[in-house]
Colleague: 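Okay, here's the structure, questions in a sec.
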Amino acid sequence: MKFNHEEVNKLNQLVMEKLEHSYLKEYVNVPLINSDKAILAYWLLREKGFQEELLGEYYCSIMLVQLALDTHEEILNISGENKKMRQLLVLAGDYYSSLYYDLLAEIEDIAFIRALAEGIRKINEYKMKVHHAEELLPDEWLAAKKGIEISLLMEVAEHLGMGKFTSFISHFLFISCASDWKEHVRAGKLIQQEIDSSIKRLQSIEVPVMLQSVVQNRMNSLLGKKHAQLGEG
């Protein structure tokens with residue numbers, strides 16, 4: 001089966017339509033959908049045979065969970081004096097959460113809901129660790145940062161019976177997300193070592209047939225750009 005970029009774009013548009021809220025749009029930036037997480041979510045659902053409306057419902061629920069988590073994370077980047085913006089971001093995150101709860105109520109798939117809830121639980125635990133970074137060793141900090149990025153889709157993959165691909169998901173998402181991290185003064189060298197290790201692992205583990213060309217293109221793009229962690233290319 002060939003990867004359908006056009007279908008992913010349509011699904012992302014469906015997600016953004018569900019985020020429409022005039023008041024929030026006026027004061028809060030519309031969150032960006034992480035393209036690599038979108039690719040993985042779409043592939044997991046397509047690989048399991050999801051079609052049309054059901055595909056859209058499951059895809060939107062996954063991405064809305066991710067956007068809600070990302071929006072709440074943004075609160076920590078707002079200065080303490082900007083109380084109104086912090087409050088609006090909390091409301092925005094809660095609003096996005098309510099949308100996926102509504103979708104999940106329609107789906108009535110208790111096991112899938114449980115998988116998302118487990119992913120959310122793990123991510124929040126990892127976030128608590130990262131926000132107390134001064135208490136962590138560099139490798140502990142890095143493990144928590146990685147957990148924040150991969151836990152949701154790892155849980156979805158396990159739920160869908162795609163556990164054999166969790167190593168691929170972990171390494172691919174780590175390289176993708178680490179490319180956007182600012183160099184951490186305590187873990188910069190360790191991050192580079194882990195990136196190098198993940199690149200080598202991606203070359204030796206099974207990559208889903210549907211994603212082989214997509215992953216190759218993404219790796220070429222990521223490794224070719226100038227970045228503190230990825231190097232000069």
Side-chain angles (χ1 to χ4, degrees), residues 31-41 62 65-80 82 86 89-90 93 115-158 163-207 215-216 218-233:
L32 296 176
I33 294 175
N34 181 291
S35 60
D36 290 325
K37 291 178 182 178
I39 286 169
L40 292 176
I62 294 170
V65 168
Q66 188 64 62
L67 289 172
L69 289 165
D70 292 345
T71 301
H72 280 141
E73 184 70 8
E74 281 298 309
I75 297 169
L76 297 171
N77 298 324
I78 303 298
S79 64
N82 198 337
R86 292 171 68 89
L89 283 172
V90 171
L116 291 182
E118 180 64 10
I120 294 169
R121 182 191 67 78
K122 289 182 177 179
I123 288 170
N124 285 330
E125 287 183 357
Y126 286 129
K127 284 183 177 182
M128 290 296 293
K129 291 182 179 180
V130 168
H131 299 155
H132 293 86
E134 67 280 357
E135 301 173 8
L136 301 177
L137 295 173
D139 61 330
E140 295 173 327
W141 175 88
L142 182 56
K145 282 284 287 185
K146 185 176 182 180
I148 290 170
E149 302 296 348
I150 72 174
S151 291
L152 186 65
L153 286 171
M154 294 281 274
E155 290 298 324
V156 171
E158 290 286 359
K164 69 176 183 177
F165 288 114
T166 52
S167 181
F168 155 70
I169 292 171
S170 174
H171 291 296
F172 177 62
L173 274 186
F174 173 69
I175 297 169
S176 168
C177 296
S179 70
D180 290 326
W181 293 349
K182 295 180 179 179
E183 187 168 1
H184 190 273
V185 293
R186 295 171 61 208
K189 185 177 180 180
L190 181 59
I191 292 172
Q192 185 61 64
Q193 292 172 346
E194 287 298 311
I195 288 174
D196 292 342
S197 176
S198 287
I199 291 171
K200 290 179 181 178
R201 289 289 293 141
L202 273 185
Q203 295 170 347
S204 63
I205 62 179
E206 182 180 359
V207 176
V215 170
Q216 186 60 56
R218 283 295 291 138
M219 289 300 100
N220 289 341
S221 174
L222 289 169
L223 299 177
K225 75 181 192 179
K226 295 180 180 180
H227 187 271
Q229 307 302 340
L230 293 177
E232 299 289 324

Colleague: To the nearest 0.5 Å, tell me how far Cys177 SG sits from Glu149 CD.
Modeller: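 If we round to the nearest 0.5 Å, Cys177:SG and Glu149:CD are 3.5 Å apart.
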Colleague: What's the verdict on salt bridge (Lys or Arg N to Asp or Glu O under 4.0 Å) for Arg121 and Glu118, showing C-alpha distance, side-chain angles and the deciding distance?
Modeller: CA-CA 5 Å; Arg121 182 191 67 78; Glu118 180 64 10; 2.5 Å; yes
Colleague: Do you know the tightest heavy-atom contact between Thr166 and Glu158?
Modeller: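 Taking every non-hydrogen atom into account, CG2-OE2, 3.6 Å.
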Colleague: Quick one: pull up CG in Leu67 and CD1 in Ile62 and give me the separation to the nearest 0.5 Å.
Modeller: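 CD1 of Ile62 is found 12.0 Å from CG of Leu67.
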Colleague: Would you confirm whether Ser198, through its side chain, and Glu194, through its main-chain N or O, come within 3.5 Å as a donor-acceptor pair?
Modeller: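 Pair found, side chain donor or acceptor close to backbone of Glu194.
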Colleague: Hey, are the side chains of Met219 and Leu202 touching, using non-hydrogen atoms and a 4.5 Å cut-off?
Modeller: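 Yes, at least one pair of side-chain atoms sits under 4.5 Å.
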Colleague: Answer whether the closest heavy-atom distance between the side chains of Ile150 and Tyr126 falls below 4.5 Å.
Modeller: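 SC-SC contact between Ile150 and Tyr126 ruled out.
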Colleague: Hey, what do you get for CE (Met154) to CD1 (Ile123), rounding to the nearest 0.5 Å?
Modeller: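 Going from the CE atom of Met154 to the CD1 atom of Ile123 covers 11.5 Å.
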Colleague: Please report the interatomic distance CD(Gln66) to CD1(Ile120), rounded to the nearest 0.5 Å.
Modeller: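 Result: 9.5 Å between the selected atoms.
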Colleague: With a 3.5 Å distance limit and no angle check, can you tell me whether Lys127 reaches the backbone of Leu69 through a side-chain donor-acceptor pair?
Modeller: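 Indeed, once roles are kept as given, a pair shorter than 3.5 Å links the two residues.
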Colleague: On a heavy-atom basis, which atom in Asn34 and which in Asp36 lie closest, and how many Å separate them?
Modeller: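 Taking every non-hydrogen atom into account, OD1-N, 3.0 Å.
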Colleague: Please evaluate residues His132 and Leu136 with respect to the criterion side chain to side chain contact (heavy atoms under 4.5 Å, CB included), reporting the C-alpha separation (whole Å), side-chain torsions for both, the decisive distance (0.1 Å), and the verdict.
Modeller: CA-CA 7 Å; His132 293 86; Leu136 301 177; 5.9 Å; no
Colleague: Taking atom OG of Ser170 and atom CG of Leu153, what is their separation to the nearest 0.5 Å?
Modeller: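 Between atom OG of Ser170 and atom CG of Leu153 there are 11.5 Å.
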Colleague: Side chains of Phe174 and Leu142, heavy atoms from C-beta outward: is any pair under 4.5 Å?
Modeller: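 When only atoms from C-beta onward are counted, Leu142 and Phe174 do touch, with a gap below 4.5 Å.
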Colleague: Working to the nearest 0.5 angstrom, can you tell me the gap between Ile148 CD1 and Lys129 NZ?
Modeller: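 Rounded to the nearest 0.5 Å, the CD1-NZ separation comes to 10.5 Å.
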Colleague: Does any part of the side chain of Glu206, heavy atoms only, come nearer than 4.5 Å to the side chain of Phe168, both counted from C-beta?
Modeller: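 Side-chain contact under 4.5 Å: no.
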Colleague: Look only at the side chain of Ser176 and the backbone of Phe172, and say whether a donor-acceptor pair between them is shorter than 3.5 Å.
Modeller: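 Not a single qualifying donor-acceptor pair exists.
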Colleague: I'd like to know if the side chain of Ser204 reaches the main chain of Arg201, judged simply by a donor and an acceptor atom lying under 3.5 Å from each other, with no hydrogens or angles considered.
Modeller: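 Confirmed, Ser204 side chain pairs with Arg201 backbone.
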